[in-house]
Amino acid sequence: MMTPKIVLWTEEKISELLCEFAATQKKDMEIVYSAPSYEVLVEKIIELKAEIVIFQLSTPIYNIQNFFVDLAEANLSPLLFAFTTVSSNEIAYSTTTYFDTVFLEKLKTFFSSALLKHFYCQHVYIGGNSSASLIISSRLKKLEKTEYKNDILRGVTKEEFLYYKEKAALRLNENGYFLYLWNLMDIEYVDHDLNKNIYYFVGEKLYEECQNVIDSYNGGEAFYINPTLLCLIINDAPSNSESARFQALEELTKKLNAVLNCKTAFRYRSTFIKTIEDVRLAYESFHRLKIYNFFCREAELLTPELIEKSRKKIDYNEIDDRLVQIKELIKHNITDPRLTILLEELFLSMIKPSLSYDLYYYCHTAISAILLERFGNLYKTRLLENNSPQELVYSSIEQKYTNFIESIHLLRGEIANRYLIKNPLVLQVIDFIHEHYPDDITVNMIAESLNINHSYLSQIFTKEMGISPKKYLITYRIQKAKEMIESSNELVYTIAIKVGFFEVKHFSKTFKKITGLTPMQYKKQYTTGEYV
């Protein structure tokens with residue numbers, strides 16, 4: 001095995017100790033980069049071909065959740081080595097379950113030896129040796145306690161609750177609660193068996209941060225329902241002033257949102273729960289209401305009050321009238337700028353406030369049908385077979401509206417050489433983009449190749465196509481990426497490079513902005529193949 005390359009994401013002191021120790025070794029381990037933040041980690045792992053990531057659990061923990069998301073989107077599986085400082089001179093760490101146990105032991109020895117003068121380091125995992133028995137014992141007790149709290153969500157009597165409260169020392173009052181749920185939607189722990197201990201490490205820190213916040217309010221219990229769903233049962237804090245009580249609750253919510261600010265999660269808070277027997281109803285309400293995230297994705301917090309306030313009555317005559325106008329434009333003049341305006345009004349001013357999936361399906365199907373009827377195989381956007389609320393909750397209606405707009409822009413380009421685009425200069429730009437999209441091209445380069453002023457090119461292209469040349473280039477690249485994801489099992493960052501993106505994070509971010517899905521989600525939802 002070649003000298004393994006390591007990237008670090010740790011505090012400066014520990015980074016220096018590890019780098020100094022690595023320099024004294026005979027190339028047993030090579031530290032190639034020390035990252036100042038998680039945002040640059042994925043790019044550096046790809047750029048430097050690093051096989052190992054050593055990272056420290058530090059607040060806010062949601063940054064590490066974001067790092068896991070970035071790894072998944074880039075289809076990367078480096079060996080993860082996570083650690084946390086238990087005290088001023090003690091470190092606990094955990095690692096990926098690795099097939100080469102000899103190498104794994106060498107890595108653990110390297111880490112412990114590098115920090116030996118300053119820290120006592122212990123490896124914590126299920127089935128660990130006696131040195132970690134206290135931590136493992138604590139973990140098992142928490143699992144037992146968590147089962148009691150999960151039972152409260154399933155429904156308990158007052159007598160059962162009092163028994164659990166005494167047996168597990170639950171920090172819950174006997175009446176008056178709020179339920180707060182954090183749903184990490186986009187991460188599916190497909191490698192949970194390999195990184196189980198890593199995820200537990202991170203999850204514990206996230207739990208501790210939440211528990212500290214609710215303890216500063218009026219106490220309560222935080223616990224995991226599953227690895228991607230964190231639940232908080234929060235004690236109500238009665239006050240003589242209802243406005244003061246409401247303000248305290250809002251302050252609590254802001255603090256929790258700041259702790260749980262992972263970019264792929266949404267958050268839910270119940271209305272006031274009077275008795276412990278009613279907690280089940282609040283939990284069931286979450287499962288009913290979370291599908292409305294599709295219509296309320298921009299909201300920081302999903303609540304029953306928000307849903308009730310947002311819902312508007314549907315005027316079906318107005319909907320049908322708008323659909324007729326849209327169909328006529330698609331049939332006779334898809335380049336008409338009014339089409340974009342009408343689609344925006346339909347999706348964002350009419351369907352969105354209705355909070356109605358039935359209305360969304362009705363309009364989505366009607367528009368897709370006319371596009372297929374008019375343009376046949378040129379209309380490349382598929383009608384998803386699995387377009388249920390459970391799947392759409394991962395997206396948003398804004399993203400679906402954008403999908404339609406981008407599809408229309410691509411159609412304009414596809415049919416440009418036939419009859420719709422009359423300006424020969426615009427046709428030349430489209431041909432240039434279609435031929436050179438994998439290259440590192442810019443609008444300036446296109447203008448120079450055609451011996452035309454950059455501003456003039458942008459002006460006439462936008463007027464003719466309804467989209468700037470830069471945005472058309474990006475849209476075309478994403479379309480080609482979608483085709484590659486559908487037809488191959490290439491790595492995400494390989495596809496990114498092939499379509500002209502040279503930073504995988506930028507590619508993934510752009511892909512999701514246009515399609516509403518990450519590349520990994522797109523692969524799963526649009527094909528039956530394996531993960532990218």
Looking at [X] and [Y], would you say the former's side chain and the latter's main chain have a donor-acceptor pair under 3.5 Å?
| X | Y | answer |
| --- | --- | --- |
| N183 | F266 | no |
| N66 | K263 | yes |
| D278 | L281 | no |
| N173 | N235 | no |
| R267 | E300 | yes |
| Q211 | G220 | yes |
| T253 | L249 | yes |
| S94 | A82 | no |
| N195 | I198 | no |
| Q56 | F83 | no |

Subject >> Residue pair E147, R154: steps toward the salt bridge (charged side-chain N to carboxylate O under 4.0 Å, His left out) verdict >> reply: CA-CA 10 Å; E147 180 54 34; R154 292 189 288 264; 2.4 Å; yes

Residues 336-346, side-chain donor-acceptor partners within the protein, below 3.5 Å, at least two apart:
unit_1: D336; atom_1: OD1; unit_2: R338; atom_2: N; d: 2.8
unit_1: D336; atom_1: OD1; unit_2: R338; atom_2: NE; d: 3.3
unit_1: D336; atom_1: OD2; unit_2: R338; atom_2: NE; d: 3.2
unit_1: D336; atom_1: OD2; unit_2: R338; atom_2: NH2; d: 2.9
unit_1: E345; atom_1: OE1; unit_2: R322; atom_2: NH1; d: 2.6

Is there a donor in the side chain of [X] and an acceptor in the side chain of [Y], or the other way round, less than 3.5 Å apart?
| X | Y | answer |
| --- | --- | --- |
| Y283 | N150 | no |
| N175 | T275 | no |
| Q325 | D321 | yes |

In terms of side-chain geometry, is the basic nitrogen of [X] or [Y] positioned less than 4.0 Å from the acidic oxygen of its partner?
| X | Y | answer |
| --- | --- | --- |
| R269 | E305 | no |
| K352 | E398 | yes |
| R280 | E284 | yes |

Determine whether more than 12 heavy atoms belonging to other residues, nucleotides or ligands lie under 6.0 Å from atom [atom1] of [X].
| X | atom1 | answer |
| --- | --- | --- |
| K255 | NZ | no |
| E298 | CD | yes |
| E208 | CD | yes |
| F272 | CZ | yes |

Original post:
What class does the angle between the rings of Y38 and W9 fall in, given that below 30° is parallel, 30 to 60° is tilted and above 60° is perpendicular?
Top reply: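 Geometry flag for W9 against Y38: tilted rings.
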
Original post:
Using the ring of each side chain (for Trp, its six-membered ring), is Y268 parallel, tilted or perpendicular to F286, with breaks at 30° and 60°?
Top reply: tilted

Subject >> Aromatic ring proximity, centroids under 6.0 angstrom, Y199 and F68 >> reply: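 Yes - the distance between ring centres of F68 and Y199 falls below the 6.0 Å cut-off.
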
**OP:** Answer with yes or no after comparing the ring centroid distance for F511 and F501 against a 6.0 Å cut-off, counting only values under it.
**Re:**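 No.
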
Original post:
Among pairs that include at least one residue of residues 293-328, which meet ring-ring contact (aromatic ring centres under 6.0 Å, His included), considering only residues two or more places apart or in two chains?
Top reply: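 Passing the test, one end in residues 293-328: F294-Y357, F294-Y360, F295-Y357.
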
Original post:
Can you tell which of L230, V213, N257 makes a side-chain contact (heavy atoms from CB on, under 4.5 Å) with Y180?
Top reply: N257

Original post:
Honestly, is R477 close enough over F507, meaning NZ or CZ under 6.0 Å from the six-membered ring centre and within 45° of the axis?
Top reply: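 That pair does not qualify as a cation-pi contact.
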
Subject >> With sequence neighbours excluded, residues passing side chain to side chain contact (heavy atoms under 4.5 Å, CB included) with S468 >> reply: T462, K470, K471

